[in-house]
Asks: 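The following block contains the structure, expressed as structure tokens.
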Amino acid sequence: MKVTFPHMGHMWICLAAMLEYLGVEVVVPPPTSKRTLTLGARHAPEFACLPLKLNLGNFMEASELGADTILMAGGCGPCRFGYYAQVEYAILEDLGYKYRLVVMEPPQRHVGELLSKIKYITGHSSWWEVVRGIRFGYQKARMVDELERRAHYLRPREIHRGSTDKAFKRALREIIAVKHPRDLPQAGERVRRIMAGVAIRPRPVLRVGIVGEIFTLLEPFANYDLERRLGYLGVQADRSIYLSEWINDHLFLGLVRGLRSRKEACRAAPPYLNHFVGGHGQETVGSTVMYARQGYDGVIQLLPFTCMPEIVAHSVLPGLSTGLGIPTLTITVDEQSGEAGLMTRLEAFIDLLARKKGVV
Amino acid sequence: MKGYLGIDVGSVSTNLVFMDENGEIREAIYLRTRGQPIFVLQEGLRQLAERLPGNIVISGVGTTGSGRYLAGIIAGADVVKNEITSHAVAASTLVPGVQTILEIGGQDSKIIILRNGVVTDFAMNTVCAAGTGSFLDQQAARLNIPIEEFGKLALKSTVPVRIAGRCAVFAESDMIHKQQMGYSLPDILAGLCEALVRNYLNNVGKGKEILPPVVFQGGVAANAGMRRAFEQALGLEVHVPPHYNVMGAVGAALLAREKMAGGGTSRFRGFGVAKTRFKAGGFECEGCPNLCEVVEITREGEVIARWGDRCGRWSNSLGYKENAV
Ligand code: SF4
Ligand code: SF4
């Protein structure tokens with residue numbers, strides 16, 4: 001059995017760590033690229049949203065490398081993501097791919113459901129080992145998130161353009177290389193040292209929160225490297241959801257304490273959006289409210305073309321923006337979007353924030 | 001004489017202005033880009049140098065438009081700014097207190113909302129032809145009317161015909177239909193203006209609070225029929241500022257002045273660049289399956305800028321810093 005999974009930012013690092021620790025052979029799909037998109041878009045329904053097209057492309061490329069089993073998260077609620085795994089599987093079958101599909105539905109009641117799915121894949125592993133494997137993967141997710149936060153801080157302040165990104169790549173390799181939980185602390189130390197080597201100078205920066213659909217938030221290919229671009233424009237970005245938070249919310253049912261969770265975001269959404277609307281629509285609205293309260297200068301929403309939950313959130317944002325005095329910008333992404341127009345809007349939005357704040 | 005250079009390189013037109021230290025626009029040049037931005041920019045600089053007195057000193061250069069980075073490299077810019085900011089700066093300088101900017105150019109359109117002199121919201125249309133000047137160009141060509149006459153004729157209309165304006169293709173067939181039904185030309189032209197205004201307000205202007213003073217700029221603002229259609233649809237007076245068709249360049253010049261107010265020397269390469277050999281080349285990077293189309297600008301055979309690479313592999317290797325421009 002050679003297991004693969006869709007890409008979602010750096011999620012592969014934590015999934016591969018867990019599965020390999022448990023002795024499963026893993027095929028990481030090649031990094032999502034234009035080729036992935038072309039392959040996926042060719043065979044997906046045109047009005048499917050971007051995540052489906054990219055996931056499909058990931059599976060086709062992973063199959064070229066010999067993968068035969070797909071591990072994928074399911075979903076729930078009105079959003080289409082709930083049946084994506086099945087749709088993608090059906091498309092792959094029609095195209096003649098021989099894949100086995102294992103869907104990790106979000107556990108309804110307790111974490112045991114998740115454990116048994118993972119145990120199924122690993123076959124012979126003991127329960128104890130499975131728990132250790134999950135923990136290992138999760139710890140890597142925490143480290144990657146920490147690293148990303150650090151990069152968000154450094155980028156707008158770096159003296160040499162690109163030095164943060166170089167350090168980030170090196171640090172990421174350190175995390176990836178760790179094969180056993182006991183080596184994590186030393187790797188963490190090395191990561192900190194690498195990042196401390198980035199030369200910065202103090203300067204006024206803008207703070208912008210990024211909200212929206214989870215996949216588009218986490219996958220730099222889908223969001224045009226938004227965080228990096230913002231950094232280069234002198235902005236310290238924050239993302240409303242990081243991978244470890246998402247795992248904790250959706251797979252661990254909030255078992256890990258002390259993490260920012262979707263519950264807070266949903267609580268902050270009323271009166272602008274009182275109901276669950278599928279996907280991350282309510283979180284998008286709630287996180288925007290929270291960013292406003294925390295004194296952020298602006299919020300950017302990422303909306304995959306035709307994504308229903310985010311469209312609902314989008315329609316609520318103008319009122320919220322005026323009500324709380326926080327400028328918002330919505331970026332719609334799909335395979336047709338042009339990069340040039342995006343940069344113009346992004347730069348104009350940042351100018352708007354800078355002039356408003358008086359830090360031109 | 002000292003002054004500032006503002007350059008706006010768009011997909012349709014390339015505009016240059018020379019602004020003196022008091023903010024007076026002394027020269028303005030409007031050229032068609034015709035897909036050759038470098039050549040046209042050099043031509044513009046050459047014409048400008050001819051028109052300006054010999055003792056001219058350029059204290060600062062600003063570039064804007066979709067070709068702003070390219071223009072910035074060629075001319076040596078002190079500030080490179082997006083079109084929204086440039087248009088907003090120009091309008092709020094020429095019409096103090098402006099709260100709404102309607103801008104319709106040949107192939108794009110935008111709306112900018114300002115409050116207390118600061119941009120608070122904006123929207124752009126770069127995809128749908130029905131909301132831009134090319135819509136009027138096409139229909140004028142169909143009707144065999146020079147685009148310059150369009151506005152004057154439209155103003156003669158008493159009862160504008162209602163034309164479906166959601167899409168340029170449908171609008172055209174609807175217009176032909178109305179023509180065959182025998183409506184007068186001015187009424188059809190005024191109807192086209194109203195259709196474009198409706199389309200603009202429904203798409204670009206959707207959900208925006210349009211408050212006076214309202215400024216209308218961009219090439220289409222030359223059309224008096226459009227101005228009247230906006231005034232009627234909004235129930236507000238609409239100002240068309242001087243230099244309405246080169247506002248981006250005016251804004252870039254103003255931004256250059258702002259930037260250089262703190263002192264320092266301009267990076268302007270001099271009007272001699274009109275004779276320098278620049279070349280825009282490109283190649284497809286095969287470093288990974290993204291296959292980025294990397295653009296490469298050379299000056300006298302030496303690579304001076306690259307962009308278009310997703311990962312920064314080519315642009316960062318030159319040590320060229322976008323934020324330094
Ligand atoms: S949240 Fe939106 S983008 Fe994500 S799967 Fe659902 S509809 Fe598609
Ligand atoms: S420039 Fe970078 S991202 Fe683009 S194809 Fe080359 S290696 Fe890949």
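Naming: A, B, ... by sequence-line order, numbering from 1 per chain.
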Asks: Tell me, out of B:Ala88, B:Cys292, B:Ala123, B:Pro289, who's got the most heavy-atom pairs with chain A below 4.5 Å.
Replies: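 Looking at each of B:Ala88, B:Cys292, B:Ala123, B:Pro289 in turn, B:Pro289 comes out on top.
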Asks: Considering only heavy atoms, which portion of B:Asn116 lies under 4.5 Å from any heavy atom of chain A: side chain, backbone, both, or neither?
Replies: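 Neither part, no heavy atoms under 4.5 Å.
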Asks: Considering residues at least two apart in sequence or located in another chain, which fulfil the salt bridge (Lys or Arg N to Asp or Glu O under 4.0 Å) criterion with B:Glu209?
Replies: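 So B:Glu209 forms a salt bridge (Lys or Arg N to Asp or Glu O under 4.0 Å) with B:Arg115.
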Asks: What verdict does the side-chain contact (heavy atoms from CB on, under 4.5 Å) test give for B:Glu83 and A:Thr344, after you've listed the backbone C-alpha separation in whole Å, the side-chain angles of each residue and the deciding distance to 0.1 Å?
Replies: CA-CA 7 Å; B:Glu83 305 87 293; A:Thr344 300; 3.2 Å; yes
Asks: For the NE2 atom on A:His152, are there more than 12 heavy atoms of other groups (residues, nucleotides or ligands in this structure) within a distance under 6.0 Å?
Replies: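 More than 12 heavy atoms, drawn from other residues, nucleotides or ligands, come within 6.0 Å of this atom.
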Asks: Restricting to salt bridge (Lys or Arg N to Asp or Glu O under 4.0 Å), what partner residues turn up for A:Glu148, sequence neighbours left out?
Replies: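 Partners of A:Glu148 by the salt bridge (Lys or Arg N to Asp or Glu O under 4.0 Å) criterion, ordered by chain and then number, come out as A:Arg239.
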Asks: Could you have a look at B:Thr120, B:Asp121, B:Ile112 and say which one has the most heavy-atom pairs with chain A under 4.5 angstrom?
Replies: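 Heavy-atom pairs under 4.5 Å are most numerous for B:Thr120.
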Asks: Compare every heavy atom of A:Arg355 with every heavy atom of B:Thr85, then report the nearest pair and how far apart it is.
Replies: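 That closest heavy-atom pairing would be CG2-NE, 4.2 Å.
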Asks: Answer with side chain, backbone, both or neither: which region of A:Pro31 has an atom nearer than 4.5 Å to a non-hydrogen atom of chain B?
Replies: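 The answer is neither part of A:Pro31.
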Asks: Calculate, to the nearest 0.5 Å, the distance between atoms CG and CZ belonging to B:Asn82 and A:Arg345 respectively.
Replies: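 Answer for the CG-CZ pair, B:Asn82 versus A:Arg345, is 11.5 Å.
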Asks: Does any part of the side chain of A:Leu329, heavy atoms only, come nearer than 4.5 Å to the side chain of B:Phe122, both counted from C-beta?
Replies: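 Yes, at least one pair of side-chain atoms sits under 4.5 Å.
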Asks: Any chance CZ of B:Phe39 has more than 12 other-residue heavy atoms, nucleotides or ligands included, within less than 6.0 Å?
Replies: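 Incorrect, the count does not exceed 12.
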Asks: Within a strict 4.5 Å, meaning less than it, do heavy atoms of the B:Ile84 and A:Asp351 side chains meet?
Replies: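 Not in contact.
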Asks: Taking atom NZ of A:Lys166 as the centre, does the number of heavy atoms from other residues, nucleotides or ligands within less than 6.0 Å exceed 12?
Replies: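 For A:Lys166, atom NZ is not crowded (no more than 12 foreign heavy atoms under 6.0 Å).
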Asks: Which pair of heavy atoms, one from A:Leu352 and one from B:Val118, lies closest together, and at what distance?
Replies: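 Closest approach of A:Leu352 to B:Val118: O-CG1, 4.3 Å.
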Asks: For B:Tyr69 and A:Glu347, which heavy atoms make the closest approach, and how far apart are they?
Replies: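 Smallest interatomic distance, heavy atoms only, reads OH-OE2, 2.6 Å.
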Asks: Counting neighbours of CD on B:Glu284 that are heavy atoms of other residues, nucleotides or ligands and sit closer than 6.0 Å, is the number greater than 12?
Replies: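 Buried by this count: over 12 neighbours within 6.0 Å.
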Asks: Could you tell me which non-hydrogen atom of A:Lys34 sits nearest to which non-hydrogen atom of B:Asn290, and how far apart they are?
Replies: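 Of all heavy-atom pairs spanning A:Lys34 and B:Asn290, the closest is N-OD1, 2.8 Å.
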Asks: Tell me whether B:Arg310 contacts the main-chain N or O of A:Ser33 through its side chain, where contact means a donor paired with an acceptor under 3.5 Å.
Replies: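 Flag not set: sc B:Arg310 to bb A:Ser33 has no pair under 3.5 Å.
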